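The structure under discussion appears below in the form of structure tokens.
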Number of protein chains: 2
Amino acid sequence: MYTYTKERKAYRIWCVNLNQRDIAKLAGVSSATVSRVINNDPSVSAETNKKVSEVIKKYGYVQNAVARNLRLANTKTIGYLVPDISNPFFPAVLGGIERICNSRGYDIIFENTDEDEEIERKAISSLLRFRVDGLIAVFVRCNQADLQRIKMMGIPVVLLDRKIEYTEDYDYVGIDNIGGLYSIVEYLYKLGHRKISIIYGSQDITPGYERLNGYKAAMKKFGIAINEGYLINGDFTEEGAYKGVVQLFSNDELPTAIITCNNLMTMGAYKAIIDMGIKIPDQVSLIGFDDFDFATHLVPPITVVSRATSEMGKLAAEFIIDRIDGNTSDEPRRVFLPTKLIARGSCSLGKL
Amino acid sequence: MYTYTKERKAYRIWCVNLNQRDIAKLAGVSSATVSRVINNDPSVSAETNKKVSEVIKKYGYVQNAVARNLRLANTKTIGYLVPDISNPFFPAVLGGIERICNSRGYDIIFENTDEDEEIERKAISSLLRFRVDGLIAVFVRCNQADLQRIKMMGIPVVLLDRKIEYTEDYDYVGIDNIGGLYSIVEYLYKLGHRKISIIYGSQDITPGYERLNGYKAAMKKFGIAINEGYLINGDFTEEGAYKGVVQLFSNDELPTAIITCNNLMTMGAYKAIIDMGIKIPDQVSLIGFDDFDFATHLVPPITVVSRATSEMGKLAAEFIIDRIDGNTSDEPRRVFLPTKLIARGSCSLGKL
DNA sequence: CGTTCCTTTGTATACGTATACATTAATTGA
DNA sequence: TCAATTAATGTATACGTATACAAAGGAACG
């Protein structure tokens, strides 16, 4: 594999790629001058600049970012680590991240962990080896060892959506889950609902935990006793919610309203309700956390609490780039974006 | 910015990161030995291996992939270039790509072009500078200059979904659009429909072009004259399809069936039909290209032609990695996955 | 005309890695 | 017993870049 050539020594040839030395030779200048031209160094004379630029263009020279990154000790990349690409929330956030990164000259290295701790560790290792300049992460369960290592390497982290231990030490972009659930319960309460069920998600992650707790707190605030039978674990999945709703309706005491804690579960609950032949909103009201594309097209359109996903991505990207540039005080920046209740047609007056 | 220290010279310090030389010193061996341990070179003795491994672990050494990539002239990355991350098709494909890449040790650099040629050119440049080992691309309009440059650099390309000029020179993963439309028209024909309208997408890209042409070819095959008034440009968007359907129904001669050419347009058409108070499938039949989550739970459930999105990603990733490894003949591999008609409830017998 | 300063370009080098080649110690074989 | 072979490790170097420092030439100024 190690082959010497007369002019250039190569392990595996980068095909026909020219480097700055080649361009220098072709243009009759030194490689330093070529580098200066490429980096718009003002000390280069107009004449030289033109000469070199023409050679670069003529021969289609493409800068080698690998070497550049090694020399500069940065990579102009940020890592985006998500637990589940099939959840539309994450591509939506990616859209926002991408927009900011693109305008600031950063590229994105994408990692999906499939909610698996082992894969997550590998993904983090990979990102560290790559020397990403920053990391936007939705951790499954990032252990302290990994976190410590990231910190030691001086790589800034912005936590997204899910909180983890010591979240307060890091920049964070999330939403006001408690407030979101409060607005849902308030909305249902004012419509007259008292028998309010919630299909909640995994309690291991903060969105799951906070939303259920937000529900409980709001119920308490409005003086409604919590019926344990109305609390159903839907595991943040469509199937989980489907089964949960079927189970819910096998009980004697039926709820008049159902809250679902993410868009996948809203779909699952909707399907279950329709499949059981129950009418929304006449027989039961449905309200979901997270808006989704088809919510407006279902019959009836589904009332939801929405959050600004793309905005979350933009903020996270801005936070991380500010941190990379050192444009921030040491104090972690923590943002909790407000949610917004969008009333459509899936909630009706509850019987008092 | 250029600061010399006694032991190490650094431009900008990689924080506290140790390198192989540091580990070598700590373990009392040479840096070559450290490198050998890291790369599992069998020539290292068990004793040395253990000694070095312990130091690596103790000090949390993280390999620098930037330097490694420079030395090895590869990066173990592939670029994924898409025109519109907000279209659920692309994250769905990404899921498949990610799975294969993950198992084969490749990371993904993601680029979104927003259907903009200028952004696309920049994204391609960025990927080339990064020396991605391969590229999976859905080009907006990749010009020959860029394509030529990619080829010159020896970077293999797998085209996805959209074809471009000289597609036949590249590996390609797509679907059988012509066959998909044929099966739709055949299905409607056998139900007795003759007045068949199509809401088609952008003719600048092959999925738009081929689907419309597939419709025309199938219509001809079944001996149905094409009514120009039934051909509506819906621009592959929900709004476009909505307006298109409204326009369609402002004509005198109404169709008995409508074909939509992607899932967004299916939703738009559905909504328009519902909003106009027209009954599906009694007054008009609706059949869409591309399945989508809620197709089964609309009223009525929508009949569609589906394609295996995740499978497309897996195939593309396998193709590109095979190409990188040189495990393929020079002959381009071109796959057209079949589509599958899923009959639900949105098409009824047409009046003959 | 000599000194100083500025502009422009060149020379040399380090970033961290992997490995060819050199070297040493250990083992084998006749 | 000593040369030949093998095993294990060390030394030196190139990958392509950016830039500190050196150098050279010219302009400005007294």
Side-chain angles (χ1 to χ4, degrees), chain A residues 1-15 17-25 27-49 51-52 56 61-76 129-131 153, chain B residues 1-15 17-25 27-52 61-76 129-131 153:
Chain A
M1 213 43 165
Y2 203 111
T3 27
Y4 276 86
T5 62
K6 240 172 263 170
E7 271 295 290
R8 248 164 112 187
K9 297 168 185 174
Y11 314 98
R12 176 187 135 192
I13 308 281
W14 283 112
C15 210
N17 293 1
L18 301 177
N19 58 30
Q20 292 181 355
R21 272 194 295 276
D22 298 321
I23 298 296
K25 201 167 291 178
V29 297
S30 73
S31 70
T33 298
V34 174
S35 178
R36 290 193 186 99
V37 169
I38 290 164
N39 292 289
N40 295 315
D41 188 317
S43 75
V44 177
S45 73
E47 188 193 13
T48 305
N49 195 321
K51 184 172 62 180
V52 174
I56 286 175
Y61 165 78
V62 177
Q63 190 182 40
N64 186 325
V66 179
R68 176 176 225 267
N69 295 344
L70 177 62
R71 175 59 216 255
L72 294 181
N74 69 22
T75 58
K76 283 285 184 179
R129 275 202 308 274
F130 268 112
R131 299 296 196 269
M153 293 181 68
Chain B
M1 217 38 165
Y2 203 112
T3 30
Y4 276 87
T5 62
K6 240 172 263 170
E7 271 294 290
R8 246 165 110 185
K9 295 168 185 175
Y11 318 97
R12 177 186 134 193
I13 309 281
W14 284 112
C15 211
N17 293 2
L18 301 177
N19 60 28
Q20 291 181 355
R21 273 194 294 276
D22 298 321
I23 297 297
K25 202 167 290 178
V29 297
S30 73
S31 69
T33 299
V34 174
S35 178
R36 291 193 186 100
V37 169
I38 289 164
N39 292 288
N40 294 314
D41 187 317
S43 75
V44 176
S45 73
E47 187 194 15
T48 304
N49 195 321
K50 188 177 170 223
K51 184 171 62 182
V52 173
Y61 165 78
V62 177
Q63 189 183 41
N64 185 325
V66 178
R68 177 175 223 267
N69 295 344
L70 177 63
R71 175 59 216 254
L72 294 182
N74 69 23
T75 58
K76 281 284 183 178
R129 275 201 308 276
F130 267 111
R131 299 295 194 270
M153 293 180 69

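Every chain is numbered from 1 and lettered A, B, ... according to where its sequence line falls, protein lines coming before strand lines. Fair warning: this is a prediction, and the values are worked out from it, not measured in the lab.
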For atom CZ of B/Phe130 and atom P of D/dT17, their distance in whole Å: 14 Å

Minimum-distance pair of heavy atoms, taken over all atoms of B/Arg131 and A/Gln63: NH1-O, 3.0 Å

Taking B/Val44 as the fixed residue, which of B/Asn49, B/Val29, B/Ile38 is the one that meets the side chain to side chain contact (heavy atoms under 4.5 Å, CB included) rule? B/Asn49

Any side-chain N or O of B/Gln63 below 4.0 angstrom from OP1/OP2 of C/dG16? no

Looking at A/Thr75, A/Asn39, A/Asn74, which hits side-chain hydrogen bond (donor to acceptor under 3.5 Å, both in side chains) with A/Arg68? A/Asn39

In this structure, which one of B/Val34, B/Val52, B/Asn64 forms a side chain to side chain contact (heavy atoms under 4.5 Å, CB included) with B/Gln20? B/Val34

Base, sugar-phosphate or nothing for B/Ser43? Non-hydrogen atoms, less than 4.0 Å. base

Could you check how far CG of B/Leu72 sits from P of C/dC15, rounded to whole Å? 19 Å

Nearest to the B/Thr48 side chain among D/dA8, D/dG16, C/dT17, which nucleotide is it? D/dA8

Distance, rounded to the nearest Å, where B/Asn64 contributes CG and C/dA14 contributes P: 18 Å

Atom CG of B/Asn69 and atom P of C/dT19: how far apart are they, to the nearest Å? 13 Å

Whole angstrom value for the distance that separates P of D/dG16 from CG of B/Asn74: 13 Å

Atom CG of B/Asn49 and atom C1' of D/dA7 are separated, to the nearest Å, by 15 Å

Let me know the distance between CG of A/Asn17 and C1' of D/dG16, rounded to the nearest Å. 11 Å

What pair of heavy atoms forms the shortest contact from A/Arg36 to A/Ser43, and how long is it? CD-OG, 4.0 Å

When rounded to whole Å, the NZ to C1' distance for the pair B/Lys51 and D/dT9 reads 10 Å

OP1, OP2 of D/dT13 versus side-chain N and O of B/Arg71: anything below 4.0 Å? no

Closest nucleotide among C/dT17, C/dT9, D/dT9 to the B/Tyr61 side chain: C/dT17

Strictly distance-based, threshold 3.5 Å: is any side-chain N or O of A/Asp41 a donor or acceptor partner for the main-chain N or O of A/Val37? no

Most 5' of B/Ala67 and B/Gly28 on DNA chain D, judged by nearest nucleotide: B/Gly28

Heavy atoms within less than 4.0 Å of DNA chain C: which residues of residues 29-41 of chain B have one? Give them sorted by number. B/Ala32, B/Ser35, B/Arg36, B/Asn39

Taking for each residue the nucleotide of DNA chain C bearing the nearest heavy atom, is the 5' side occupied by A/Ser45 or by B/Gln20? A/Ser45

Tightest non-hydrogen contact, residues B/Ser31 and B/Ala24, listed as N-CB, 3.5 Å

